[in-house]
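We name chains A, B, ... by the order of the sequence lines, and we start the count at 1 in each one. Small disclaimer: the values here were computed from a predicted structure and weren't measured. Only this structure's heavy atoms are used, side chains among them; waters, hydrogens and symmetry mates stay out.
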Protein chains: 2
Amino acid sequence: MQVTEINTCCEPVLDAALSEEGAAELAVAFKVLSDPVRLRLLSLIACAPDGELCACDLPALVDRKQPTVSHHLSILADAGLVVREQRGRWAWFRVAPQRLAVLRDALGG
Amino acid sequence: MQVTEINTCCEPVLDAALSEEGAAELAVAFKVLSDPVRLRLLSLIACAPDGELCACDLPALVDRKQPTVSHHLSILADAGLVVREQRGRWAWFRVAPQRLAVLRDALGG
DNA sequence: GAGTGATATCGATGAACGTCGATACCAAAT
DNA sequence: ATTTGGTATCGACGTTCATCGATATCACTC
């Protein structure tokens, strides 16, 4: 059975064999979620009263220094899991739910 | 790691803020899925004709040496994503779908 | 018991990553 | 223009991890 020709990138893990390229892309996406600080940032932003949170509050909330939080927020934004919006000096973040849905579907949604 | 442990702690990322402990456990689970070889092993096993696959076939299928495949299979088994069954000299693997469902739900299912 | 073959473990190596101090960048205020 | 303060980037350090050769373990066969 020649697996690599059957699928494109993001088929459910349980329903179809992944190609090498698809597995590589999925792995990158899951790696973004494989850090506890990033998971907490994501859930904090998602649970914020107005669906958005100022970056200035996050270092205290996750108990990490500002460069570390900025680094993780960049990774989340580059992965398309959160959206960054600059307002004056402050950076506000909200979640981009479609991206999470892609990963959820990959797990056999 | 036990299934009951992860069930009690992992609230959906989009619906409730994660505790530090919950985030740590979820991160460990997602880290297992953050490697392309493990994702391919998982999908290959899931797509096997009888729902199970012999470990002897996997090094060729994922293009890695036998110690590497054995290492990844142990990680998948320890995470409860795959079940190992010894038959004579051969080790057979099948997926444990409940575990994937837990992760899927954590993404806001 | 000796031999064969499948799988797991060990040890080493190189790469990737989280963290943070120092610093640069940028927008607003005075 | 200068200062203030929030954010991003840089550089370094220690840790984690994927990979694989060598070796050990185990089950079956003869």
Side-chain angles (χ1 to χ4, degrees), chain A residues 18 20-21 23-45 48 52-94, chain B residues 1 18 20-21 23-45 48 52-79 81-94:
Chain A
L18 287 165
E20 292 185 28
E21 299 79 16
E25 287 190 29
L26 249 190
V28 168
F30 280 125
K31 185 167 294 181
V32 176
L33 297 178
S34 73
D35 181 88
V37 174
R38 286 196 288 272
L39 284 177
R40 290 208 70 206
L41 290 172
L42 194 58
S43 66
L44 285 168
I45 294 170
E52 59 183 5
L53 215 49
C54 178
C56 59
D57 294 325
L58 291 171
L61 288 172
V62 300
D63 195 31
R64 292 295 187 285
K65 301 300 179 184
Q66 180 269 329
T68 301
V69 171
S70 178
H71 174 236
H72 286 305
L73 287 172
S74 292
I75 292 177
L76 287 170
D78 290 346
L81 292 170
V82 298
V83 177
R84 182 183 179 280
E85 181 189 351
Q86 189 81 22
R87 295 185 200 158
R89 279 194 288 246
W90 293 271
W92 290 80
F93 289 85
R94 61 174 61 247
Chain B
M1 206 171 9
L18 288 167
E20 292 185 28
E21 300 78 20
E25 289 197 29
L26 245 192
V28 169
F30 280 125
K31 186 167 294 183
V32 175
L33 297 178
S34 72
D35 181 90
V37 173
R38 284 195 290 270
L39 285 176
R40 290 207 71 206
L41 290 172
L42 194 57
S43 66
L44 285 168
I45 294 170
E52 59 184 4
L53 215 49
C54 178
C56 58
D57 295 325
L58 291 170
L61 287 172
V62 300
D63 195 29
R64 292 294 188 284
K65 302 300 178 184
Q66 179 269 329
T68 301
V69 171
S70 178
H71 173 237
H72 286 306
L73 287 172
S74 292
I75 292 177
L76 287 170
D78 290 346
L81 291 170
V82 148
V83 176
R84 182 182 180 281
E85 182 190 351
Q86 190 80 23
R87 295 186 200 156
R89 281 194 286 248
W90 293 273
W92 291 80
F93 289 86
R94 58 176 61 248

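For C:dT19, the OP1/OP2 oxygens have no side-chain nitrogen or oxygen of A:T68 closer than 4.0 Å.
Atom CZ of B:R87 and atom C1' of C:dT7 are 16 Å apart (whole Å). The interatomic distance linking B:W92 (CH2) with C:dA6 (C1') rounds to 13 Å, in whole Å. C:dT9 atom P lies 15 Å from atom NE2 of B:H72, rounded to whole Å. Distance, B:L58 CG to C:dA8 C1': 15 Å, rounded to whole Å. Nucleotide C:dA27 holds its P atom 13 Å from the CH2 atom of A:W90, rounded to whole Å. Atom P of nucleotide C:dT7 and atom CZ of B:R84 are separated by 9 Å, given to the nearest angstrom. Regarding A:L76, its CG atom lies at a distance of 11 Å from the P atom of C:dG18, rounded to whole Å. The distance from atom CG of A:L41 to atom P of C:dG18 is 12 Å, rounded to the nearest whole Å.
Among the nucleotides C:dA27, C:dC20, C:dT4, the one closest to the side chain of B:R89 is C:dT4. Residue A:H71 has its side chain nearest to C:dT19 when only C:dG21, C:dA6, C:dT19 are considered. Residue B:F93 has its side chain nearest to C:dA8 when only C:dC17, C:dA8, C:dG18 are considered.
Nucleotides of DNA chain C nearest to A:R38 and B:V69 differ in position, and the one nearer the 5' end is that of B:V69. Sequence order on DNA chain D of the closest nucleotides to A:S74 and B:K65 puts A:S74 first from the 5' end.
Under the 4.5 Å side-chain criterion, counting only non-hydrogen atoms from C-beta, B:E52 is in contact with B:R87. You'll find the side chain of A:L42 reaches within 4.5 Å of the side chain of A:L33, heavy atoms only.
Within 4.0 Å (heavy atoms only), A:Q66 reaches at least one base atom of the nucleic acid.
Taking the 5' to 3' direction, DNA chain D first and last meets chain A under 4.0 angstrom from a heavy atom at D:dT4 to D:dT9.
Distance check: A:L58 CG to A:F93 CZ gives 8.0 Å after rounding to the nearest 0.5 Å. The structure places CH2 of B:W92 at 11.0 Å from CD1 of B:I45, a figure rounded to the nearest 0.5 Å.
Of the residues A:V69, A:L41, A:L53, the one that meets the side chain to side chain contact (heavy atoms under 4.5 Å, CB included) test with A:L61 is A:L53.
In terms of heavy atoms, B:R38 sits closest to B:K31 at NH2-O, 3.2 Å.
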Q) Please walk me through it: do A:L73 and A:R84 pass side-chain contact (heavy atoms from CB on, under 4.5 Å)? A) CA-CA 9 Å; A:L73 287 172; A:R84 182 183 179 280; over 6 Å; no
